[in-house]
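See structure below.
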Amino acid sequence: MTMSKKTNIKQIRNIGIMAHIDAGKTTVTERVLYYTGRSHKIGEVHDGEAVMDWMEDEQNRGITITSAVTTCQWKTSQIQIIDTPGHVDFTIEVERALRVLDGAVGVFCAVGGVEPQSETVWRQADRYNVPRMAFVNKMDRTGADFFNVIEMMKEKLKANPLMIQIPVGKEESFTGVIDLLAMKEITWDDDTMGAEYTTNEISPEMKDEADEFREKLIETVAEVDDEIMDLYLSEEPIPPADLTAAIRRTTIERKVVPVLCGTALRNKGIQPLLDAITAFLPSPVDIPPMPGIHPDTEEVLEYPPQKSAPLAALIFKVSMIEGRKLSFARIYSGTLVSGTDVYNPSLGKKEKLSRILKMHANKRERIESASAGDIVGIVGLKNSSTGETLCSEKTPVLLEKMEFDKPVISIAIEPKTHADQEKLEEVLKKFTIEDPTLTVTTDEDTGQTILSGMGELHLEIIISRMQREFKTEVNVGKPQVVYREALESPSQGHAVFDREISGKHHFAEVNLEFKPLERGDGISFRNEAPEDQIPEQYAAAIEKGTKDALESGFLRGYPVVDLEIVLTGGSFNESQSSDLGFSVCASMACRDALEKADMFLLEPIMDVEVFLTDQNMGDAIADLNTRGGKIEAITPKGDVQVVTATVPLARMFGYSTALRSATQGRGTFTMQFSRFDKA
């Protein structure tokens, strides 16, 4: 069946489910698919059968790596879910999912509460202004504490949680929830896999608690919504429809985060979650139009989310599946039609859409067209890549590009056999098309192929996929840290380029000055050369030549960062000067300045959080100290201590093994890039 014809855009919900690793995010998604009729049996992550985790690596490791998109129908709404990974090495997947979502559900473990990675993802969602709800999962586990998670949300996420439900019982005795909007008690039937549930009056022993939390719910909404405040102050009864409308309004305005609870593994709590997603999270019409610019005039354009508006769609992900390129796109306005041409303004090229697919994890269904609000797979785009816009040539628009972090860790790889040698280049090309945070370079001195990414796990999985999906065997060198280089003090460079290239004489003279900037300030260029020494038309070539030369540093060939390039002067010749001459001359002047400069290396510093029991504390802290770590805080969390530290990445290789042996396998840690600092 093709749902897109019937579904009104107001009934579409584009949501992501985001969480810390192991909070049960994929299990929640599996249950959603089961109860909405998209899966006929429930897949379990721990059996390696989850529908959304269809890559073999995901099933072997029990984690979600690639965001998959799936569409399901709940009552009159169409919910398009983008499943995002919880592991920090895959933040790119989270970033690109958040970019195209309208709303999100944060899943928190009732025992662990707000864990470090869920904090990271939450902050990413803040950056993209995504309205959210929360689902407190694993209410049946020993140590589950719903109200503690609410407190942690306030304290760690600076969120304003709005309890729409409270649990009935906890741990082993968790039986259901009380719906504070309808003031009813909901219990699930274990015999029907939770597909059937009953709604009853609230039991007498829970009545007082339910009344107290219902009052809190109304107070919380009244604080952020004037209409409810007026009714609350006049002590009039608040009509349920008005309260629901106010919760929807304030959720979309990101003033509150509705919170529900349940246990996905025991099939309790999913249907009310689906109801809440459709009731409180925005449709594509409820959020501001995605702004873009005209590629030529740079005028700001905003197209409404309507089928008839000009086309604007963003490619947020590219996958190579069975050797074919599948692009995932979110349509913000207009309509895509199978078999027609679209325009990519970044490349200035037309591309043919051979097929449009409605995605269900790894199964797909062909559709003739898709329009505003839809998220679809597209086959046939040859040149377009992640972050690029598709539009019509008559009404070109460039949507805001996606920003990606630069890699911090590298490994050298070499093919094991001659047959692998032939495949390697092609396989690496596929991976870099899929994942913009992965880069492949060749070491000039050794001729080795260098693969760089966001962390050890990131690179491990790429190597494992290489062997399994593409039958390409490689030898892997030890991980290397990707350093940066920086200047201690200002430096000047000068060069003259005067030679013949393929029958034409080129002349250029360039004087540059380099000034160090603060950490993280990047590279800037300023032209102070008098017009009679260097005409303005050559400034762009000089800037490009210098920046290209800085990419391969001076000390050890790492990129130079955090400096201002000042073009101070030089000379030109009317008949013999050219962009090419000035570009080459600028890179020679850059070399000259770097040779004279006092330079130093910058190394990546990581934020590390280690989770330990009291008895392992001493050993673990001693180990971090030997790695040059700075301990920033030790905070108790339940029966676990959380040690927060910053450590140079170079000293963190093999840390997971060391931590496991020091803590008899009980300690865990998360690590993410913090900044570059003097090595």
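Throughout, residue positions are numbered sequentially from 1 according to the sequence presented.
- Tested against Ile81, the residues Val105, Thr71, Thr70, Leu101 include a single side-chain contact (heavy atoms from CB on, under 4.5 Å) partner, Thr70.
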Exercise for the section: Start with the C-alpha gap between Lys471 and Lys423, add the side-chain angles, then the distance that decides, and say whether side chain to side chain contact (heavy atoms under 4.5 Å, CB included) holds. Expected result: CA-CA 9 Å; Lys471 308 286 179 276; Lys423 282 190 285 188; 3.8 Å; yes
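- Partner Leu428 forms a side-chain contact (heavy atoms from CB on, under 4.5 Å) with one of Val474, Thr472, Val440 and no other, that one being Val440.
- At least one donor-acceptor pair closer than 3.5 Å links the side chain of Glu485 to the backbone N or O of Arg556.
- With sequence neighbours excluded, the residues forming a salt bridge (Lys or Arg N to Asp or Glu O under 4.0 Å) with Arg675 are Asp677, listed by chain and number.
- Inter-residue side-chain proximity for Leu157 and Asp126 is flagged as unmet; no heavy-atom pair is nearer than 4.5 Å.
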Practice task
Show the numbers, then the answer: is there a side chain to side chain contact (heavy atoms under 4.5 Å, CB included) between Val107 and Ile17?
Solution key: CA-CA 7 Å; Val107 176; Ile17 296 186; 3.6 Å; yes
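- The main-chain N or O of Phe108 is never found under 3.5 Å from a side-chain atom of Asn137 such that the two would form a donor-acceptor pair.
- Proximity of Arg99 to Met290: side-chain heavy atoms (C-beta onward) are separated by under 4.5 Å at one or more points.
- At distances below 3.5 Å, at least one donor-acceptor pair connects side-chain atoms of Lys325 with backbone N or O atoms of Lys382.
- Between Ile315 and Leu381 there is a side-chain heavy-atom pair separated by less than 4.5 Å.
- For the pair Glu425 and Lys429, the salt-bridge criterion is not met [side-chain N within less than 4.0 Å of a carboxylate O].
- There is no side-chain donor-acceptor pair under 3.5 Å between Thr278 and Ser77.
- Smallest separation of non-hydrogen atoms from Val397 and Gly292: CG2-CA, 3.9 Å.
- Side-chain contact between Leu390 and Ile331 is absent, with no heavy-atom pair separated by less than 4.5 Å.
- Side-chain contact check for Leu98 versus Met18: some heavy-atom pair is nearer than 4.5 Å.
- When side chains are defined from C-beta on, Thr646 does not count as touching Val608, because their heavy atoms never get closer than 4.5 Å.
- One N or O on the side chain of Asp562 and one on the backbone of Asp521 form a donor-acceptor pair closer than 3.5 Å.
- Taking CZ of Phe525 as the start and CD1 of Ile565 as the end, the distance is 6.5 Å to the nearest 0.5 Å.
- For the pair Arg254/Arg132, a side-chain contact is recorded, criterion being any heavy-atom separation below 4.5 Å from C-beta on.
- Residues forming a side-chain hydrogen bond (donor to acceptor under 3.5 Å, both in side chains) with Asn14 (at least two apart in sequence, or on another chain): Gln80, Asp102.
- Considering all non-hydrogen atoms of both residues, Leu459 and Gly453 come closest at CD2-N, 3.7 Å.
- What you find for Ile356 and Ser369 is that their closest heavy atoms are CD1-CA, 4.2 Å.
- Leu357 places none of its side-chain heavy atoms less than 4.5 Å from the side chain of Ile378.
- Relative ring orientation between Phe328 and Phe316 is described as tilted, the plane-to-plane angle lying within the 30° to 60° band.
- A search for ring-ring contact (aromatic ring centres under 6.0 Å, His included) contacts involving Tyr303 returns nothing, not counting sequence neighbours.
- The two residues Val100 and Tyr332 make their nearest non-hydrogen contact at CA-OH, 3.6 Å.
- Aromatic ring centroids of Tyr558 and Phe676 lie 6.0 Å or more apart.
- Of the charged side-chain nitrogens involved, at least one lies within less than 4.0 Å of a carboxylate oxygen, so that Asp374 and Lys358 count as a salt-bridged pair.
- For the salt bridge (charged side-chain N to carboxylate O under 4.0 Å, His left out) condition, the pairs that include at least one residue of residues 283-300, sequence neighbours left out, are Arg248-Asp286.
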Exercise for the section: For the pair Glu393 and Lys350, evaluate salt bridge (Lys or Arg N to Asp or Glu O under 4.0 Å) and give the outcome as yes or no after the intermediate values. Expected result: CA-CA 8 Å; Glu393 204 171 2; Lys350 285 204 286 198; 3.7 Å; yes
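- For residues 540-551, the pairs satisfying side chain to side chain donor-acceptor pair (under 3.5 Å) are Glu543-Lys547, Lys544-Asp548, with sequence neighbours left out.
- The nearest pair of heavy atoms linking Ala549 to Cys590 is CB-SG, 3.7 Å.
- A donor-acceptor pair under 3.5 Å links the side-chain atoms of Arg31 to the main chain of Ala264, judged by distance alone.
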Exercise for the section: Determine, step by step, whether Asn475 and Ile413 satisfy the side chain to side chain contact (heavy atoms under 4.5 Å, CB included) criterion, reporting the C-alpha distance in whole Å, the side-chain angles of both residues, the deciding distance to 0.1 Å, and the verdict. Expected result: CA-CA 6 Å; Asn475 294 321; Ile413 56 172; over 6 Å; no
Sequence neighbours excluded and cut-off under 3.5 Å, please list the side-chain donor-acceptor pairs for residues 333-344, or say none.
unit_1	atom_1	unit_2	atom_2	d
Ser333	OG	Pro310	O	2.7
Thr335	OG1	Lys307	O	3.0
Ser338	OG	Ser354	O	3.4
Thr340	OG1	Val337	O	2.6
Asn344	OD1	Ser346	N	2.9
Asn344	OD1	Leu347	N	3.2
Asn344	ND2	Ser384	OG	3.0
Asn344	ND2	Glu388	OE1	2.9

